[in-house]
Amino acid sequence: MLHLKRPGLFPILDSKVMAFYRHHARAATAQYPHRGRRAMFWAAIRDDVCTNLDTGALPLFRRRLEQSESEQVRRIATLTDVRLLDLLTWAIA
C-alpha cells in the first residue's frame, strides 16, 4: 500500500527485495528487537540508501546516468534515491 501512495519513497517488499535485504534485516532485528520483523526490511533499505549516499556511490551512479546518450537512461537519473536503489536491487537479484 505504501508503494502505491509513494512509489519514490517505498519499494515493494516482494520476494526479490526481501531476499536481497534478508541478512541486513536480521541484523537490524537484533538491534531493534521491539519492532516487528517486517519493519526491519525498511530499516535495512534505509541504511542501504544512507550508506550509498555517504560513500558517494549513489550520486556517482546518478551522474553517470545523466551523462548517457539515451533519453530513457537520463530519465532514470531523475528517480528518487529509494526508487533508484529499488531498480538496482531488481537488476542484481
Side-chain angles (χ1 to χ4, degrees):
M1 182 59 113
L2 292 172
H3 175 77
L4 295 174
K5 293 194 85 52
R6 301 277 190 232
L9 295 176
F10 297 98
I12 296 173
L13 285 182
D14 59 19
S15 60
K16 281 191 172 198
V17 171
M18 290 179 82
F20 185 84
Y21 285 105
R22 184 164 283 120
H23 173 73
H24 298 290
R26 283 186 183 141
T29 301
Q31 188 176 4
Y32 306 103
H34 61 283
R35 296 186 181 171
R37 179 178 159 257
R38 199 163 186 84
M40 294 302 94
F41 283 96
W42 297 119
I45 292 167
R46 180 201 61 224
D47 290 347
D48 194 24
V49 170
C50 292
T51 298
N52 279 287
L53 287 171
D54 291 346
T55 64
L58 196 55
L60 176 63
F61 182 61
R62 189 178 302 283
R63 281 193 302 276
R64 291 201 176 156
L65 291 171
E66 291 168 342
Q67 295 169 352
S68 174
E69 293 181 13
S70 168
E71 174 63 29
Q72 290 176 323
V73 173
R74 288 194 306 270
R75 278 190 284 163
I76 293 171
T78 65
L79 297 173
T80 66
D81 295 334
V82 170
R83 185 68 181 122
L84 192 54
L85 280 179
D86 186 33
L87 291 173
L88 288 171
T89 301
W90 263 83
I92 293 169

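Below, each value reflects all heavy atoms present in this structure, side chains not excepted, and no hydrogens, waters or symmetry copies. In this chain, residues are counted from 1 in sequence order.
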**Student:** Please collect all side-chain hydrogen bond (donor to acceptor under 3.5 Å, both in side chains) contacts where either partner lies in residues 50-60, sequence neighbours excluded, each pair once.
**Tutor:** Asp48-Asn52
**Student:** Can you list the residues that meet the ring pair (Phe, Tyr, Trp, His ring centres under 6.0 Å) rule with Phe10, with sequence neighbours excluded?
**Tutor:** Trp42
**Student:** If hydrophobic clusters are built from ILVMFWY residues whose side chains come within less than 4.5 Å, do Met18 and Leu9 share one?
**Tutor:** yes
**Student:** Please list every donor-acceptor pair under 3.5 Å in which a side-chain atom of residues 84-93 meets a protein atom from a residue at least two apart or in another chain.
**Tutor:**
from, atom 1, to, atom 2, distance (Å)
Asp86, OD2, Arg83, NH1, 2.6
Thr89, OG1, Leu85, O, 2.7
Trp90, NE1, Asp14, OD2, 3.1

**Student:** Suppose we screen for salt bridge (Lys or Arg N to Asp or Glu O under 4.0 Å). Which residues come up paired with Arg26, at least two apart in sequence or across chains?
**Tutor:** none
**Student:** What pair of heavy atoms forms the shortest contact from Ala25 to Ala44, and how long is it?
**Tutor:** N-CB, 3.9 Å
**Student:** Which residues satisfy the side-chain contact (heavy atoms from CB on, under 4.5 Å) test with Glu71, sequence neighbours excluded?
**Tutor:** Arg74, Arg75
**Student:** Say you draw a straight line from NE2 of His24 to CZ of Phe41; how long is it, rounded to the nearest 0.5 Å?
**Tutor:** 11.0 Å
**Student:** Could you work out, with side-chain hydrogen bond (donor to acceptor under 3.5 Å, both in side chains) as the rule, every residue matching Arg46, not counting sequence neighbours?
**Tutor:** none
**Student:** Under 3.5 Å, which donor-acceptor pairs do the side chains of residues 56-67 form with other protein atoms, sequence neighbours left out?
**Tutor:**
from, atom 1, to, atom 2, distance (Å)
Arg62, NH1, Ala77, O, 2.4
Arg62, NH1, Leu79, O, 2.8
Arg62, NH2, Leu79, O, 3.3
Arg62, NH2, Asp81, OD1, 2.5

